[in-house]
Amino acid sequence: MNIGIKKSIMTGGKEISIETGKLAKQADGSVVLRMGDTMLLATVVAAPEAKEGVDFLPLTVDYKEKFAAAGRIPGGFFRREARPSEGEILIMRLVDRALRPLFPDDYHAEVQLMIQLLSYDGVNNPDALCGLAASAAIAVSDIPFNGPMSEVRVGRVDGQYIINPTVAEMKVSDIDIMIAGTVKDIVMLEGEMKEISELEMVEVIKLAHESIKEQCAFQLELAAEVPTSSPKREYSHETHNEEVKAKVYEFAMEKCKDVARQGLANKAKRSELFDAIKAELKATYTEEELAEVGGFISTYFSEVKKKAVRWVMLHEQKRLDGRKFDEIRPIWAEVDYLPMVHGSAVFTRGETQSLTTLTLGGKLDEQMIDGATFRGTEPFMLHYNFPPFSTGEAKPIRGTSRREIGHGNLALRALKPVLPEDNAYTIRLVSDILESNGSSSMATVCAGTLALMDGGVQIKAPVSGIAMGLVADDGKFAVLSDILGDEDHLGDMDFKVTGTSKGITACQMDIKVDGLPYEVLIQALEQAKAGRLHILNKIVETIAKPNPDFKPQTPRIEAFNVPNDMIGAIIGPGGKIIQGIQKDTNTTITIEELENGEGRVQIMSNNGDDMAAAKSRVRMIAFPPTVEEGETYEGKVKAIKDFGCFVEILPGTDGLIHISEFSWEKVAKMEDVVKEGDVLKFKVVGKDPKTKKWKLSRKVLLPRPEKPAAEAAPKAE
């Protein structure tokens with residue numbers, strides 16, 4: 001029996017199939033997407049009507065990776081999928097940012113889109129498929145939508161671009177960019193790369209758009225076969241009052257333009273002047289009239305303010321704070337601000353400020369990740385905090401927000417390509433945003449670079465970041481460098497770019513306007529490059545290169561490889577050997593198996609002598625010298641018996657000093673002359689043929705006592 005409709009498309013040489021009408025049929029839209037043996041279920045439901053008083057789109061995007069998809073049982077006490085992981089949240093954001101601008105502006109019904117990973121083959125990444133699955137679910141529903149849209153990942157291996165690369169291909173790729181778009185436009189991108197040029201970035205976007213166009217056309221073909229997908233549902237979620245609108249526009253437009261022309265750098269002063277115009281406008285109405293049309297006044301005044309500021313930018317080339325389009329706000333920075341941390345920096349650009357701290361730890365400090373598609377550890381963490389006081393607000397704090405996770409991840413991706421390849425430390429950067437009016441994620445990148453260099457981490461090159469904006473209307477456009485928070489809100493594009501002097505390391509773009517020409521995008525990238533380099537110069541003025549050494553309070557780490565078959569000897573039975581070394585030397589030692597058949601030993605200590613002692617003892621076990629007969633050694637007494645004592649010649653190798661070989665004087669009891677832990681000097685004199693144990697002698701190294709004179713004199717004849 002045939003259930004549902006199934007169609008396939010080839011993307012990047014890989015087949016993707018989408019099936020609808022088989023699972024989750026009570027949802028407004030439901031599809032199962034499959035690539036290889038990776039499968040996703042995407043469902044969408046929209047409320048029949050908008051809730052009263054809601055004047056925005058209440059869209060929720062959820063993504064859940066089922067552990068069963070990879071044949072695993074979740075960890076933890078409850079053994080079930082719990083709150084979303086950071087990885088899942090980042091995927092939700094990618095889908096949300098691509099979908100949200102494509103719903104009609106006047107559609108305010110609650111929409112819930114859920115994506116679930118049902119099967120994972122370890123080859124095909126599900127995150128690159130979530131956007132396509134989500135859009136397809138909406139396409140086969142009757143929910144109003146200005147799509148379809150799709151997302152693809154672009155990688156590059158040996159100079160060749162790959163659409164939706166496999167997990168293995170991504171391990172050797174120097175580019176990882178997720179790009180979303182419609183048939184006409186690119187709407188979102190985010191990714192990391194190893195210092196690529198602006199022209200290479202545009203080349204990647206163009207390549208991705210070709211696949212996106214094909215996938216959008218494919219969704220339309222699929223939807224055409226689903227009777228319930230057309231026509232789309234009718235709705236009326238907004239009411240308007242044209243009389244009030246006309247009055248607000250006539251009263252406030254020129255007044256708002258006058259405020260925009262003043263070029264006030266102080267955000268609070270600008271807000272005060274705009275609020276005064278709104279209050280003056282409301283004063284023209286009676287209290288009874290305000291009770292009836294007050295909501296309309298607020299809505300239309302926001303529209304007027306936005307249009308007025310944009311008009312002044314496009315027609316008079318004046319920004320809200322008086323800067324030129326490519327001008328960067330004043331910057332000051334400072335390193336070594338906090339005395340006891342491993343590295344610190346304050347970076348301030350205009351009214352945006354980040355205080356970032358660096359902490360360096362060992363292998364045991366790595367972040368443990370237990371997910372359906374990845375299980376392992378992460379040695380580099382960047383945590384971003386955005387407290388309400390940074391914008392002068394008082395709000396309840398309800399845990400880490402999705403926005404904070406997203407901004408921190410962007411800064412992490414920006415800095416990751418410049419970390420030293422031989423880094424032995426676990427690195428944690430924490431950016432606390434103390435002021436915000438403009439891009440705090442880009443301030444985090446700059447402060448993170450400074451903190452790393454202050455802490456002595458030998459990064460390959462400093463990284464800076466800049467947030468770009470775009471205002472476009474009536475055939476005119478303006479590309480804005482280092483945008484304000486207000487410019488982000490009223491603009492048509494938010495484009496963040498980070499990089500070194502050589503090229504781009506990360507980017508994030510959200511476009512809110514249809515039909516952005518590539519020429520405008522190229523100009524934005526070139527203008528961003530100039531801004532990045534300007535900010536980079538300010539960073540280098542603060543600290544030109546990484547400090548040559550770590551802070552005194554930073555623990556020292558040394559790491560070296562050992563033969564894989566010696567790991568067990570280093571650890572010892574039940575961990576006895578390695579625990580003993582750590583206790584004796586006051587160090588922390590970790591060992592991991594590498595893929596190349598070796599083991600990696602990491603020793604962490606705050607004392608040079610302790611480090612040397614621990615390193616020597618581990619290396620003696622891993623690379624044991626052979627015991628040679630006739631040689632002299634020094635070692636600890638391991639055990640005492642009636643017939644002698646056992647002494648460690650080399651780590652893992654003991655020998656016996658018989659009671660008769662301890663000293664020239666006769667020893668009655670071994671306990672009287674030696675105790676466990678004593679260090680003795682001895683000579684290897686042979687090996688017992690029965691026990692195969694080395695025979696040792698202490699007395700041969702001691703001066704032989706002279707005989708008494710009476711014994712030495714010859715007897716009389």
Side-chain angles (χ1 to χ4, degrees), residues 51 53-64 76-78 81-97 100 110 112 190 267-268 271 337-338 340-359 361 365 367-369 371 378 380-415 427-448 451 465 467 483-486 488-489 494 496 508 510:
K51 292 181 179 179
V54 174
D55 60 354
F56 63 94
L57 174 66
L59 171 67
T60 304
V61 176
D62 286 302
Y63 171 70
K64 176 62 68 177
F77 181 80
F78 293 105
E81 289 82 3
R83 64 182 184 181
S85 67
E86 288 196 4
E88 289 169 323
I89 288 172
L90 293 171
I91 294 171
M92 295 176 201
R93 281 176 53 83
L94 285 173
V95 177
D96 186 301
R97 286 165 43 212
R100 192 175 290 273
E110 185 173 1
Q112 184 178 43
E190 180 167 330
K267 178 176 70 171
S271 297
Y337 181 72
L338 302 174
M340 290 307 296
V341 302
H342 298 163
S344 63
V346 180
F347 180 85
T348 306
R349 184 195 64 246
E351 295 177 301
T352 300
Q353 184 177 75
S354 168
L355 170 62
T356 295
T357 55
L358 166 72
T359 307
D365 295 309
Q367 182 183 12
M368 291 183 287
I369 300 174
E378 174 57 56
F380 179 39
M381 295 164 278
L382 194 153
H383 297 144
Y384 165 101
N385 299 313
F386 192 84
F389 69 75
S390 66
T391 53
E393 297 174 282
K395 293 180 180 179
I397 297 173
R398 306 193 189 280
T400 306
S401 68
R402 291 186 179 187
R403 179 183 177 278
E404 287 173 307
I405 290 172
H407 280 39
N409 180 68
L410 176 60
L412 179 144
R413 299 180 85 170
L415 294 171
I427 298 174
R428 183 184 185 229
L429 289 170
V430 178
S431 172
D432 289 298
I433 303 304
L434 307 184
E435 294 181 51
S436 181
N437 180 19
S439 178
S440 51
S441 63
M442 296 298 93
T444 295
V445 171
C446 299
I483 57 174
L484 303 168
D486 290 340
D488 182 15
H489 173 69
D494 176 17
K496 300 181 177 74
Q508 183 184 89
D510 294 286

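Contact of the Pro388 side chain with the Ile397 side chain is registered, since non-hydrogen atoms from C-beta on lie closer than 4.5 Å. Using a 4.5 Å heavy-atom cutoff, the side chains of Leu429 and Leu415 are in contact. Looking at heavy atoms from C-beta onward, Cys446 lies out of side-chain contact with Arg349 at the 4.5 angstrom threshold. By the 4.5 Å heavy-atom criterion applied to side chains, Phe347 and Thr356 are not counted as neighbours. Between Glu190 and Arg97 there is a side-chain heavy-atom pair separated by less than 4.5 Å.
Note: His383 NE2 to Asn409 CG = 10.5 Å, rounded to the nearest 0.5 Å. Atoms OG and CG, from Ser271 and Asp486 in turn, are 6.0 Å apart once rounded to the nearest 0.5 Å. The CG atom of Leu484 sits 10.5 Å away from the OG atom of Ser436 when rounded to the nearest 0.5 Å. Here Met381 contributes atom CE and Glu86 contributes atom CD; the two are 10.5 Å apart, rounded to the nearest 0.5 Å. Atom CG of Leu412 sits about 12.5 Å away from atom CD1 of Ile405, to the nearest 0.5 Å. One finds the OG atom of Ser441 at 8.0 Å from the CZ atom of Arg403 (value rounded to the nearest 0.5 Å).
Closest approach of Ala467 to Ser439, counting heavy atoms only: CB-CB, 3.3 Å. Summarising the geometry of Ser431 relative to Ser354, their closest heavy-atom pair is OG-OG, 2.8 Å, with the distance given to 0.1 Å. Taking all atoms of both residues into account, the shortest heavy-atom contact from Gly406 to Leu90 is CA-CD2, 3.8 Å.
In this structure, Tyr63 has no ring pair (Phe, Tyr, Trp, His ring centres under 6.0 Å) partners at least two apart in sequence or on a different chain. Residues forming a side chain to side chain donor-acceptor pair (under 3.5 Å) with Glu351 (at least two apart in sequence, or on another chain): Asn437.
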Could you list the donor-acceptor pairs under 3.5 angstrom formed between side-chain atoms of residues 53-62 and any protein atom two or more places apart in sequence or on another chain?
unit_1 : atom_1 : unit_2 : atom_2 : d
Asp62  : OD1    : Arg402 : NH2    : 3.2

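With hydrogens and angles ignored, the 3.5 Å screen pairs no side-chain donor or acceptor of Ser390 with any backbone N or O of Phe386. Of the possible donor and acceptor atoms, none in the side chain of Arg428 sits under 3.5 Å from a partner among the backbone N and O of Gly361. Within the 3.5 Å criterion, the main-chain N or O of Phe389 finds no donor-acceptor partner in the side chain of Lys395.
Within a 6.0 Å radius of CZ in Phe380, more than 12 heavy atoms belonging to other residues, nucleotides or ligands are found.
For the residue pair Tyr384 / Ser440, a side-chain donor-acceptor distance below 3.5 Å is found, with atom types taken as modelled.
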Exercise. Can you check side-chain contact (heavy atoms from CB on, under 4.5 Å) on Val445 and Met442, steps first, answer last?
Worked result: CA-CA 5 Å; Val445 171; Met442 296 298 93; 4.1 Å; yes
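Among Asp432, Ile433, Thr444, the single residue meeting the side-chain contact (heavy atoms from CB on, under 4.5 Å) criterion with Asn385 is Asp432.
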